[in-house]
Amino acid sequence: MSVEIKTPIFSQGEDCKPDWRLANADYDETDAHLQILGKPVMERWETPYMHSLAVAAASKGGRVLEIGFGMAIAATKIESLNIDEHWIIECNEGVFKRLEEWAKEQPHKIVPLKGLWEDVVSTLPDSQFDGILYDTYPLSEETWHVHQFAFIKEHALRLLKPGGVLTYCNLTSWGELLKGKYDDIEKMFQETQVFHLVDSGFKEENIKTTVMDITPPKDCRYYSFHKMITPLITKD
């Protein structure tokens, strides 16, 4: 019996960050896949999950910050909900151009912000947002599993209003963890995420999750598990 060996998303020591901003954003003809530097950034089958994240981020209404635009799946859902403003950070030039065109057709005030989140979020004022959705692509092998925590620890609490909510994902990491290390998505989240959230200042009793069933396509390189998890983390 032959065993298929898939190439890891990142090779040892790989770092895409220096080239990411100006790299081509390769949307396929059917707008079902987005690749940058050969990395599978997003695929259309994620839509139900992206909508779940969007609903969480917009659950308090008001002003929502979205970090990572991708294929506009979550962004378009957020725009269908009862919010006031929608701020979006995106660093890739091609994706940002698509964001600017998309923004012209949306019902709410859109504030597009171009740059790496590390450079942009430090310029944003405290207690500015009712909801945050963080979903950016890891840019190096070193940060593959942990890049979300850099944002959460340094900025999430500061940027949220009291009672505001954070949601996020790192499918490229979680998909890898669920290939062998874990077969229970809630256990994976508890053991690999919750410590960092608490260490960032969120109270464990304010960390909630919901799990949904999903069927990734067999050729998806980054996710093959049959469930996805949506965090909802509230600031006191």
Side-chain angles (χ1 to χ4, degrees), residues 1-54 66-76 90-95 98 116-117 133-151 167-189 191-193 211-231:
M1 184 178 77
S2 62
V3 177
E4 181 182 4
I5 301 175
K6 292 187 177 181
T7 304
I9 297 293
F10 287 97
S11 58
Q12 186 172 358
E14 186 178 7
D15 185 4
C16 299
K17 190 172 183 178
D19 300 319
W20 196 264
R21 183 174 67 86
L22 297 177
N24 287 336
D26 296 321
Y27 296 91
D28 68 358
E29 290 183 2
T30 61
D31 201 34
H33 300 79
L34 168 61
Q35 292 195 45
I36 298 176
L37 295 177
K39 304 298 183 189
V41 174
M42 180 169 274
E43 298 179 0
R44 186 68 58 182
W45 66 267
E46 297 177 33
T47 294
Y49 179 61
M50 290 293 112
H51 285 184
S52 177
L53 294 172
E66 184 177 3
I67 305 175
F69 181 68
M71 298 173 69
I73 300 173
T76 300
E90 175 56 53
C91 71
N92 177 269
E93 290 281 352
V95 177
R98 180 175 277 217
L116 292 164
W117 70 259
L133 167 52
Y134 178 94
D135 178 21
T136 69
Y137 197 79
L139 299 185
S140 69
E141 188 261 342
E142 182 181 10
T143 61
W144 182 358
H145 298 286
V146 297
H147 65 92
Q148 67 272 29
F149 303 131
F151 167 77
T167 191
Y168 74 97
C169 71
N170 184 353
L171 292 186
T172 312
S173 166
W174 299 351
E176 186 72 15
L177 292 171
L178 291 162
K179 283 180 181 177
K181 188 171 183 180
Y182 292 96
D183 60 5
D184 182 325
I185 196 167
E186 291 175 288
K187 183 179 180 182
M188 180 279 294
F189 191 89
E191 293 187 358
T192 67
Q193 309 294 301
V211 174
M212 67 187 302
D213 294 326
I214 200 149
T215 306
K218 291 182 179 180
D219 62 352
C220 180
R221 291 169 55 195
Y222 57 90
Y223 205 90
S224 58
F225 201 67
H226 59 284
K227 293 183 183 295
M228 284 180 161
I229 192 164
T230 300

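A salt bridge does not link Arg44 to Asp28: none of the charged nitrogens lies less than 4.0 Å from a carboxylate oxygen.
Formation of a donor-acceptor pair under 3.5 Å by the Tyr49 side chain with backbone atoms of Ile229 is found in this model. Side chain of Thr167 to backbone of Pro231: a donor-acceptor contact under 3.5 angstrom is found. The main-chain N or O of Thr172 is found under 3.5 Å from a side-chain atom of Trp144 such that the two form a donor-acceptor pair. Side-chain atoms of Glu141 never come within 3.5 Å of backbone atoms of Glu14 as a donor-acceptor pair (strictly under, hydrogens ignored). Using modelled atom types, one side-chain atom of Asn92 and one backbone atom of Ala23 make a donor-acceptor pair closer than 3.5 Å. Of the possible donor and acceptor atoms, one in the side chain of Asp184 sits under 3.5 Å from a partner among the backbone N and O of Glu186. A distance-only check finds no donor-acceptor pair linking the side chain of Lys227 to the backbone of Ile185 [under 3.5 Å]. Judged by distance alone, the side chain of Glu43 and the main-chain N or O of Trp45 form no donor-acceptor pair under 3.5 Å.
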In sequence, state the C-alpha distance, the side-chain angles, and the governing distance for Glu46 and Leu171, and then conclude on side-chain contact (heavy atoms from CB on, under 4.5 Å).
CA-CA 10 Å; Glu46 297 177 33; Leu171 292 186; 3.6 Å; yes
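The side-chain heavy atoms of Tyr134 and Glu66, taken from C-beta on, include no pair separated by under 4.5 Å.
In summary, of the residues considered (Trp117, Phe151, Trp174), a ring pair (Phe, Tyr, Trp, His ring centres under 6.0 Å) with Tyr168 occurs for Trp174 alone. Asn170 pairs with exactly one of Gln148, Glu176, Gln193 by the side-chain hydrogen bond (donor to acceptor under 3.5 Å, both in side chains) rule, that one being Gln148.
For Thr143, the side chain to side chain contact (heavy atoms under 4.5 Å, CB included) test picks out Ser140, His147, with sequence neighbours left out.
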